[in-house]
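One structure is given here, and the rest of the page talks about it.
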Amino acid sequence: VQQCTFSAEPNIPHFWDSTCEVGKKGCNADGIHVECRFCDAKPFLDVPCPPEARPPYATDECYFPQGTGQSYYWDNDCQLGLDGCYADGIHEQC
């Protein structure tokens, strides 16, 4: 099975996409394999993730796999363009 190779697991979901090409949005995510593709997170919101995309993350809580020294919380009123929203780079409400 082909898979992405990161020196540190990113907080952006990613998957192996054999249709990727150099310059295609989200492709070459790991900087090694053109087929490694980011998805479903800003600025790749228009690249849908397949079910097997890693890392798995909850849909109703902020996701910081390496932790964060900053305070954060879930805000259902958050939306793209408002200060502080998308703190985790994945969820608009974080």
Side-chain angles (χ1 to χ4, degrees):
V1 173
Q2 299 286 346
Q3 65 182 33
C4 302
T5 306
F6 293 95
S7 58
E9 188 74 16
N11 66 345
I12 297 175
H14 53 279
F15 67 104
W16 192 265
D17 183 352
S18 59
T19 69
C20 264
E21 301 171 355
V22 173
K24 195 172 181 181
K25 192 170 190 177
C27 295
N28 200 36
D30 64 1
I32 300 168
H33 305 97
V34 173
E35 300 87 356
C36 183
R37 190 171 196 184
F38 285 132
C39 58
D40 196 34
K42 189 178 176 185
F44 311 104
L45 292 170
D46 56 341
V47 178
C49 283
E52 72 274 6
R54 296 185 332 243
Y57 54 87
T59 57
D60 61 350
E61 61 185 56
C62 301
Y63 180 78
F64 295 96
Q66 283 84 36
T68 179
Q70 302 295 316
S71 297
Y72 63 90
Y73 60 94
W74 191 264
D75 182 351
N76 287 320
D77 293 327
C78 247
Q79 56 186 297
L80 185 61
L82 293 180
D83 285 343
C85 298
Y86 273 109
D88 64 358
I90 297 171
H91 302 98
E92 189 172 71
Q93 298 85 1
C94 183

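Nothing fancy with the numbering, it's 1 onward along the sequence.
- Residues L82 and D77 share a closest heavy-atom pair of CD1-O, 3.8 Å.
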inquiry  = Please evaluate residues C36 and C20 with respect to the criterion disulfide bond (SG atoms under 2.5 Å apart), reporting the C-alpha separation (whole Å), side-chain torsions for both, the decisive distance (0.1 Å), and the verdict.
reply    = CA-CA 8 Å; C36 183; C20 264; over 6 Å; no
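- The shortest side-chain heavy-atom distance between F44 and P13 does not fall under the 4.5 Å cut-off.
- To the nearest 0.5 Å, atom CD of residue Q79 and atom OH of residue Y86 are 10.5 Å apart.
- With contacts defined as side-chain heavy-atom distances shorter than 4.5 Å, the pair Y72/D88 does not qualify.
- The cluster map of Ile, Leu, Val, Met, Phe, Trp and Tyr, joined by side-chain heavy atoms under 4.5 Å apart, puts I12 and F6 in the same cluster.
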request  = Run the numbers on F38 and V47 for side chain to side chain contact (heavy atoms under 4.5 Å, CB included), then give the verdict.
outcome  = CA-CA 8 Å; F38 285 132; V47 178; over 6 Å; no
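- Cysteines C94 and C85 keep their SG atoms at least 2.5 Å away from one another.
- Annotation: side-chain contact (heavy atoms from CB on, under 4.5 Å) contacts of Y73 (sequence neighbours excluded): D75.
- Using a distance-only test at 3.5 Å, with no hydrogens or angles considered, a donor-acceptor pair links the side chain of K25 to the main chain of P43.
- With contacts defined as side-chain heavy-atom distances shorter than 4.5 Å, the pair W16/R37 does not qualify.
- A donor-acceptor contact closer than 3.5 angstrom links the side chains of E9 and H14.
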Output side-chain donor-acceptor pairs under 3.5 Å for residues 27-34, partner residues at least two apart or in another chain, one line each.
unit_1 : atom_1 : unit_2 : atom_2 : d
D30    : OD1    : I32    : N      : 2.8
D30    : OD1    : H33    : N      : 2.7
D30    : OD2    : T5     : N      : 2.8
D30    : OD2    : H33    : ND1    : 2.7

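- For the pair D17 and E35, the minimum side-chain heavy-atom distance is 4.5 Å or more.
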